[in-house]
Protein chains: 2
Amino acid sequence: MRSSEVASRAGVNIQTLRYYERRGILPRPKRSEAGYRAYDAQAVRTVRFVKGAQRLGFSLEEIDSLLKLAAGEPHNCDAARAMATDKIAHIEAKIASLSAMRDSLRQLIATCDRSPSRRECPLLDAIEDESIIEGEGR
Amino acid sequence: MRSSEVASRAGVNIQTLRYYERRGILPRPKRSEAGYRAYDAQAVRTVRFVKGAQRLGFSLEEIDSLLKLAAGEPHNCDAARAMATDKIAHIEAKIASLSAMRDSLRQLIATCDRSPSRRECPLLDAIEDESIIEGEGR
DNA sequence: CTTGACTCCGTACCTAAGTACAGGGTTTAC
DNA sequence: GTAAACCCTGTACTTAGGTACGGAGTCAAG
């Protein structure tokens, strides 16, 4: 697959592919005789994952570490488990905040026939400040 | 409460408060005789919400619309309900992706005593491309 | 009554994550 | 065999979301 095909299938710009390659997020693909990049189908999946994870609030650095983890790095099982456990904690914190937001909005829907100031939507309190103590989210 | 207190309580820079004010995300607070900003406790909650929502992948523009919704805008109940319903759909899509990511990582933990290449972690497929058809996420 | 710690404003700068451009080679379709 | 439509590289620009800087006013403590 050539650059433009991967790009259009994954819904990104061609330059973005090069950018990800430079960042080490997308592996350097094989090249044709003329030096053209020849991607496999995996590349599309990877890029889609990256874009999706970004929408969930992950930085490229975090996404990079998720990709490495999914690819079998680190080799050491205990280390891999520890990393995965840490990621899961972060993810569950996000899920908890989102669930609380959803519940607030449902409450708004239920009470929105009242005067606007009397509507109930405790959205501001939906997000507990769970920073997870700088345990770094790399 | 003066700027520095709000900033430190909410864990942001003072300049960030001014920036949010300019963006219309934080309401212009009352001023002291000398022109100093005098914030109420609500400001801290608002800023914390903004930072939390950003970690969940919302842009300031989206966050602005969530804040308005929570504050009783639009007045019209049907319009407010429609907006809230739309937000909920977006939020649930995020929750679904995050849940799938978490499950993938759990699977990794369960299978990580195998050789790294034999570990199972379908992380790349965890995020369905649910863009919600440009239904705008304002 | 001055020193240090705060505030104001406007403007300029920074980082992350792209995106575009210039100047060049390749491939395919007529 | 040449134009359209690709691709390459390196470098420069852009956007969102801040952050810092300069010059000036304020206020409490010694």
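By convention in this document, chain letters (A, B, ...) are assigned in the order of the sequence lines, proteins followed by strands, and residues within each chain are numbered from 1.
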(message) Quick check for you: name the first and last nucleotides of DNA chain D, 5' to 3', having an atom under 4.0 Å from a heavy atom of chain A.
(response) D/dC6 to D/dG10
(message) Using whole Å, what does the distance between atom C1' of nucleotide C/dA17 and atom CG of A/Leu17 come to?
(response) 14 Å
(request) State which residues pass side chain to side chain contact (heavy atoms under 4.5 Å, CB included) with B/Glu21; sequence neighbours excluded, sorted by chain then number. (result) B/Arg28, B/Pro29, B/Arg31, B/Arg37, B/Tyr39
(request) Would you indicate, yes or no, if C/dC8 has its OP1 or OP2 atom less than 4.0 angstrom from a side-chain nitrogen or oxygen of B/Ser3? (result) yes
(request) Report the distance from atom OH of B/Tyr39 to atom C1' of C/dC8, rounded to the nearest whole Å. (result) 12 Å
(request) Assign each of B/Val50 and A/Ala34 to its nearest nucleotide of DNA chain D by heavy atoms, then name whichever residue's nucleotide is nearer the 5' end. (result) A/Ala34
(request) Write down the distance between CD1 (A/Ile63) and C1' (C/dA16), rounded to a whole number of angstrom. (result) 12 Å
(message) On DNA chain C, does the nearest nucleotide to A/Asn13 precede the nearest nucleotide to A/Ser32 from the 5' side, or the other way round? Give the residue.
(response) A/Asn13
(request) Compare side-chain N and O positions of A/Gln54 against OP1 and OP2 of C/dG18 and report whether any pair is under 4.0 Å apart. (result) yes
(request) Figure out the CZ/P separation between A/Arg55 and C/dG18, and round it to whole Å. (result) 12 Å
(request) Indicate for each nucleotide in nucleotides 9-14 of chain C, in 5' to 3' sequence, whether protein heavy atoms under 4.0 Å reach the base (B), only the sugar-phosphate (S), or nothing (-). (result) BB----
(request) Find out whether B/Met83 and B/Lys68 are in side-chain contact, i.e. whether some heavy atom of one side chain is under 4.5 Å from a heavy atom of the other. (result) no
(request) Answer yes or no: is there a side-chain heavy-atom contact under 4.5 Å between A/Tyr20 and A/Asp64? (result) no
(request) Compare the minimum distances between each of C/dT19, C/dG18, C/dT7 and the side chain of B/Ser4, then state the nucleotide with the smallest one. (result) C/dT7
(request) Determine, using the 4.5 Å side-chain heavy-atom cutoff (strictly less than), whether B/Leu60 and B/Leu56 are members of one ILVMFWY cluster. (result) yes
(request) Provide, to the nearest angstrom, the distance between the CD atom belonging to B/Glu33 and the P atom belonging to C/dT7. (result) 18 Å
(request) Take the protein atom OH of A/Tyr36 and the nucleotide atom P of C/dT26, then report the distance between them rounded to whole Å. (result) 7 Å
(message) Do A/Lys87 and A/Ser65 have side chains that approach each other closer than 4.5 Å (heavy atoms only, starting at C-beta)?
(response) yes
(message) In the structure I gave you, are the side-chain heavy atoms of A/Leu124 and B/Leu67 within less than 4.5 Å of one another anywhere?
(response) yes
(request) Taking A/Lys94 for its side chain and B/Arg55 for its backbone only, find out whether a donor-acceptor pair lies under 3.5 Å. (result) yes
(request) Kindly say whether A/Ala10 contributes a backbone atom to a donor-acceptor pair with the side chain of A/Arg48 at under 3.5 angstrom? (result) no
(message) Check whether A/Glu62 reaches the backbone of A/Ser59 with its side chain - one donor and one acceptor, N or O, closer than 3.5 Å.
(response) yes
(request) Could you tell me the separation between the CD1 atom of A/Ile25 and the P atom of C/dA16, rounded to a whole number of Å? (result) 12 Å
